Amino acid sequence: MENELKIPNHVGIIMDGNGRWAQERGMVRTMGHKNAIKTLKALCLHMADVGVKYASLYAFSTENFKREKSEVDYLMDLFISSFTKEFKFLIEKNVRVVFSGRREPLPEKVLEAMDKIQEDTKNNKDLVLNICLNYGSHAEMVDTTKKICEMYKEGKIELDDINEEFIQKNLYQDLPPLDFVIRTSGELRLSNFMMYQASYAEFYFPQVYFPDFTTEEFDKAILEFNKRNRRFGGVKK
Ligand code: FPP
């Protein structure tokens, strides 16, 4: 990739289209999730290489529990194998893994695998990989509001301490705002993904399903990001 390209500091990826990818190949939907892991591994390495500092991945939404039990169970097992085996290479690659979302009602084994990879990568510095698992923006707003109310009730903060920055610091993770949100598969929705953090993000909707979102597709996305004129509410230059 050319040196002069601007690399977004924080990229969000809504990994959509796994089910359709598999169905179009005459496979069961879960094969799409399985193939997504390969794509994701390559993408994580690539993002670290090109200098992305934060990447947030939408792995499982609070609403995804409405899916067939067999698919939910498959995904939970896939999370366990990913965090205990497939993604262990992140430890050596200087990638720090953190999670956003509600722990309840995730199975104990998934929580253990999440805690382990988070602990094993806690001192890594190249890329922060924020995995949104059992995540929803609305749930995050509720949980953050409760957390802040508790601080107020305990006399730890005054009402005037609550401002935009304070709210950001008390979300599931204290991360910089999203610069670029990519949703694969051609769907044009945010689907409850990081709404507070995405307020001034640029959006990109490639047609490819997530298992086909290769590093070349990511580079195309970066070229598109470089065409955008970001004004943050200011005037056009
Ligand atoms: C959306 O595609 C994808 C999901 C709900 C699951 C995403 C999970 C992964 C990519 C694998 C695991 C991730 C990590 C971080 C280990 P869809 O099933 O809604 O596809 P469809 O819209 O074609 O039905």
Side-chain angles (χ1 to χ4, degrees), residues 11-48 52 54-91 93 95-102 106-107 109-118 120-121 127-137 172-173 181-194 205-215 217-218:
V11 176
I13 307 183
I14 304 177
M15 305 179 287
D16 198 10
N18 295 346
R20 279 165 287 167
W21 182 93
Q23 280 162 335
E24 284 183 13
R25 285 162 178 76
M27 301 181 216
V28 288
R29 292 175 50 79
T30 48
M31 283 302 104
H33 301 314
K34 188 173 177 204
N35 277 277
I37 297 293
K38 268 189 249 164
T39 305
L40 195 51
K41 285 168 79 174
L43 216 47
C44 290
L45 286 181
H46 190 61
M47 287 193 288
V52 173
Y54 300 85
S56 290
L57 306 170
Y58 208 2
F60 194 87
S61 73
T62 44
E63 292 74 26
N64 285 153
F65 274 112
K66 293 183 206 149
R67 293 188 176 206
E68 292 267 339
K69 186 178 179 305
S70 58
E71 186 173 344
V72 171
D73 288 348
Y74 183 91
L75 279 167
M76 294 300 145
D77 286 344
L78 195 63
F79 294 138
I80 297 169
S81 62
S82 297
F83 306 142
T84 56
K85 293 194 222 48
E86 297 275 348
F87 282 76
K88 273 184 100 170
F89 74 99
L90 296 177
I91 304 172
K93 290 290 169 190
V95 175
R96 179 169 166 221
V97 178
V98 297
F99 292 92
S100 290
R102 281 188 178 157
L106 291 172
K109 282 216 153 85
V110 175
L111 293 172
E112 278 169 20
M114 289 163 65
D115 292 344
K116 177 88 170 74
I117 195 158
Q118 184 156 282
D120 287 347
T121 60
L127 165 70
V128 174
L129 197 64
N130 172 40
I131 301 179
C132 299
L133 209 166
N134 193 23
Y135 175 87
S137 272
Y172 290 134
Q173 295 291 338
V181 173
I182 301 168
R183 181 177 188 144
T184 55
S185 91
E187 303 288 350
L188 310 179
R189 287 189 295 277
L190 201 49
S191 299
N192 209 6
F193 177 66
M194 300 185 86
F205 300 103
Q207 289 300 317
V208 293
Y209 297 138
F210 185 71
D212 289 333
F213 191 68
T214 55
T215 56
E217 288 290 336
F218 183 85

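Whatever order the structure lists them in is the order used to number ligands and atoms, beginning at 1. Remember, predicted model here, so these are calculated numbers, not experimental data. The first residue of the sequence shown is numbered 1, and numbering continues consecutively from there.
Residues L75 and H33 have side chains in contact (heavy-atom distance under 4.5 Å, counting atoms from C-beta outward). The shortest distance between side-chain heavy atoms of V95 and T121 does not fall below 4.5 Å. Looking at heavy atoms from C-beta onward, V98 lies in side-chain contact with Q118 at the 4.5 angstrom threshold.
Below 3.5 Å of separation, one finds no N or O of S82 facing any N or O of ligand 1. Where the criterion is an N or O separation shorter than 3.5 Å, residue side chain and backbone included, D16 meets it with respect to ligand 1. On a distance-only criterion, A59 and ligand 1 share no N/O pair closer than 3.5 Å. Of the polar atoms of R20, at least one N or O is found under 3.5 Å from an N or O of ligand 1, judged by distance alone.
Ranking protein heavy atoms by distance to atom 4 (C) of ligand 1, first place goes to H33 CE1, 3.9 Å. Atom 11 (C) of ligand 1 has its closest protein heavy atom at I37 CD1, 3.9 Å.
Put simply, no part of S185 is less than 4.0 Å from ligand 1, judged by heavy atoms. For R67, the closest heavy-atom approach to ligand 1 falls below 4.0 Å. Within the structure, the closest approach of R29 to ligand 1 falls below 4.0 Å when heavy atoms are considered.
Closest heavy-atom contact between I37 and E86: CG2-OE1, 3.9 Å. Across F87 and C44, no two heavy atoms sit closer than the pair CE2-SG, 4.3 Å.
For L133, no heavy-atom contact with ligand 1 is shorter than 4.0 Å. Contacts between F60 and ligand 1, counted as non-hydrogen atom pairs separated by less than 4.0 Å, are absent for every part of the residue.
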Apply side-chain contact (heavy atoms from CB on, under 4.5 Å) to the pair V97 and M114, showing each step before the final yes or no. CA-CA 9 Å; V97 178; M114 289 163 65; over 6 Å; no
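Checked against a 6.0 Å centroid threshold, the rings of Y172 and F99 do not count as neighbours.
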